[in-house]
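By convention here, the first residue in the shown sequence is residue 1.
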Amino acid sequence: MSQNNDFESAFQAGVATKLVMDTIHGVDHALVPPGCELKSLEHLLPAPTRIREHPQFSDIDGFADYVEEFKQEGSRVFVDDDKHRFVTVFDFHAPESPAWCDHSASIQMNLAPEWERFTVFDSKAMAPKQFAEFLEDNVAYIDEDASGMSAADLLTMAQTFKINIKGNVEVEETLSRGLRKMVIQDDSTLRGQTKEGRELEFPEKLFFRLRIFKNHKTYPIEVYLRTRTSQESVAFMIKIPDSEGLLEEAFDKVIEDVREETGLKVLKGSFSGPSHRR
């Protein structure tokens with residue numbers, strides 16, 4: 001009997017409670033008891049009153065197409081140099097006209113796998129077999145015109161080479177100090193054999209064209225080729241001059257492409273709005 005009375009009391013209290021409705025900027029709102037929380041009824045409309053989305057793209061073309069469709073006055077592109085990330089905010093603030101910044105799109109530029117593989121060998125001594133394997137993995141990226149020889153010849157040379165040891169070794173002693181100094185004059189040459197059987201010296205520089213960022217253009221990479229020879233062995237080493245500078249230059253090219261493709265101002269800096277938090 002007590003349970004029936006409790007239900008009846010609750011039912012009567014609900015009947016007696018008046019639902020307060022109001023319209024705010026064309027959207028119905030309800031004051032919902034018992035805490036009297038103001039709730040929007042926008043989700044009951046046929047369509048939302050504004051876009052609250054944040055799609056993410058993996059290539060500049062798709063990103064630019066979406067920007068072209070939704071850009072408006074005040075739209076801006078923010079680029080985070082450290083994270084290599086672009087965010088376009090469509091409903092951004094215009095002078096004398098603040099906005100909600102609820103609609104945006106982003107693109108994350110990731111490093112290309114070939115660039116990451118390539119930089120692993122920077123300044124790393126390689127035995128002949130390792131060097132040949134390095135060339136095999138990167139033969140498709142060799143710039144033959146700049147290098148002055150074909151990729152096939154360069155690979156064959158790495159697999160079949162000869163060392164001609166020349167030079168003098170002198171030892172100087174300073175008795176008063178008990179010191180000994182060794183002076184080595186090395187005129188050794190390292191030659192490889194091409195597919196046609198011709199012998200050529202290895203070049204001082206190699207030239208490649210490869211992507212630094214995924215889904216972007218190739219970039220010219222110039223590396224120095226160094227060899228260390230002895231009567232027993234030879235070691236190869238490539239040196240990328242200022243790899244961090246190359247990375248920065250390549251990303252500047254990405255920024256130029258985004259600016260050109262979107263037609264929007266590209267501002268260096270990060271943006272975190274209601275729809276952009278990760």
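At distances below 3.5 Å, not a single donor-acceptor pair connects side-chain atoms of Asn110 with backbone N or O atoms of Lys214. Remark: the backbone N or O of Gly269 is not paired with any side-chain donor or acceptor of Asp80 at under 3.5 angstrom. For the pair Ser147 (side chain) and Phe207 (backbone), a donor-acceptor distance under 3.5 Å is present. When atom types are taken as modelled, the side chain of His93 and the backbone of Ala99 share a donor-acceptor pair closer than 3.5 angstrom.
Counting heavy atoms from C-beta outward, Asp81 and Ile255 have side chains that approach closer than 4.5 Å. With contacts defined as side-chain heavy-atom distances shorter than 4.5 Å, the pair Ile221/Ile212 qualifies. Residues Val67 and Glu261 fail the side-chain proximity criterion, which asks for heavy atoms closer than 4.5 Å. For the pair Asp102 and Asp91, the minimum side-chain heavy-atom distance is below 4.5 Å. Under the 4.5 Å side-chain criterion, counting only non-hydrogen atoms from C-beta, Glu68 is not in contact with Thr262. Taking the side chain as every heavy atom from C-beta outward, Lys265 and Arg76 approach each other to under 4.5 Å. Between Phe121 and Ile240, the closest side-chain pair of non-hydrogen atoms is not below 4.5 Å. Using a 4.5 Å heavy-atom threshold, the side chains of His84 and Val254 count as separate.
Across every non-hydrogen atom of Ser104 and Pro55, the tightest pair is O-CD, 3.1 Å. When all heavy atoms of Leu246 and Pro220 are compared, the closest pair comes out as CD2-O, 4.5 Å. Nearest heavy atom pair, residue Ala94 against residue Gly74, reads CB-CA, 4.5 Å. A pairwise comparison of heavy atoms in His54 and Ser106 identifies NE2-OG, 3.3 Å as the closest pair. Pro113 and Arg211 make their closest contact through CD-NH2, 4.0 Å (heavy atoms, listed as atom of the first residue, atom of the second, distance). Cys101 and Phe92 make their closest contact through SG-CD1, 3.7 Å (heavy atoms, listed as atom of the first residue, atom of the second, distance).
In the displayed structure, Glu248 atom CD is contacted under 6.0 Å by at most 12 heavy atoms of other residues, nucleotides or ligands.
Met126 and Val139 fall within the same hydrophobic cluster, defined by Ile, Leu, Val, Met, Phe, Trp and Tyr side-chain heavy atoms under 4.5 Å apart, directly or through other members. Residues Tyr224 and Phe236 do not share a hydrophobic cluster, clusters being chains of Ile/Leu/Val/Met/Phe/Trp/Tyr side chains in contact below 4.5 Å. Both Ile51 and Phe57 belong to a common hydrophobic cluster when Ile, Leu, Val, Met, Phe, Trp and Tyr are linked at side-chain heavy-atom distances under 4.5 angstrom. No chain of hydrophobic side-chain contacts below 4.5 Å, direct or via other Ile, Leu, Val, Met, Phe, Trp or Tyr residues, connects Val120 to Met237.
Shown are Ile238, Asp143, Val223; of these, the side chain to side chain contact (heavy atoms under 4.5 Å, CB included) with Phe208 is made only by Val223. Screening Phe86, Trp115, Tyr219 for a ring-ring contact (aromatic ring centres under 6.0 Å, His included) with Phe251, the sole residue that qualifies is Phe86.
With rounding to the nearest 0.5 Å, the separation of CD in Glu249 from CG in Asp242 is 7.5 Å. From Lys217, atom NZ reaches atom CG of Leu210 across 15.5 Å, with rounding to the nearest 0.5 Å. To the nearest 0.5 Å, the span separating NZ on Lys124 from CD on Gln130 amounts to 6.0 Å. Arg226 contributes atom CZ, which lies 9.0 Å from atom NZ of Lys205 (distance to the nearest 0.5 angstrom). In this structure, Glu136 CD and Glu133 CD are separated by 6.5 Å, a value rounded to the nearest 0.5 Å. Rounded to the nearest 0.5 Å, atoms NE2 (His216) and CG (Asp59) are 10.5 Å apart.
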Start with the C-alpha distance between Thr88 and Leu264, add both sets of side-chain angles, then the distance that settles side chain to side chain contact (heavy atoms under 4.5 Å, CB included), and finish with yes or no.
CA-CA 9 Å; Thr88 295; Leu264 294 177; 4.0 Å; yes

Can you list the steps and then say if Gln56 with Ile107 is a side chain to side chain contact (heavy atoms under 4.5 Å, CB included)?
CA-CA 6 Å; Gln56 301 187 55; Ile107 176 173; over 6 Å; no

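Annotation: Tyr66 is in aromatic contact with Phe90 [ring centroid separation under 6.0 Å].
Using bins of under 30°, 30° to 60° and over 60° for the plane-to-plane angle, the ring pair Phe118/Phe134 lands in the tilted bin.
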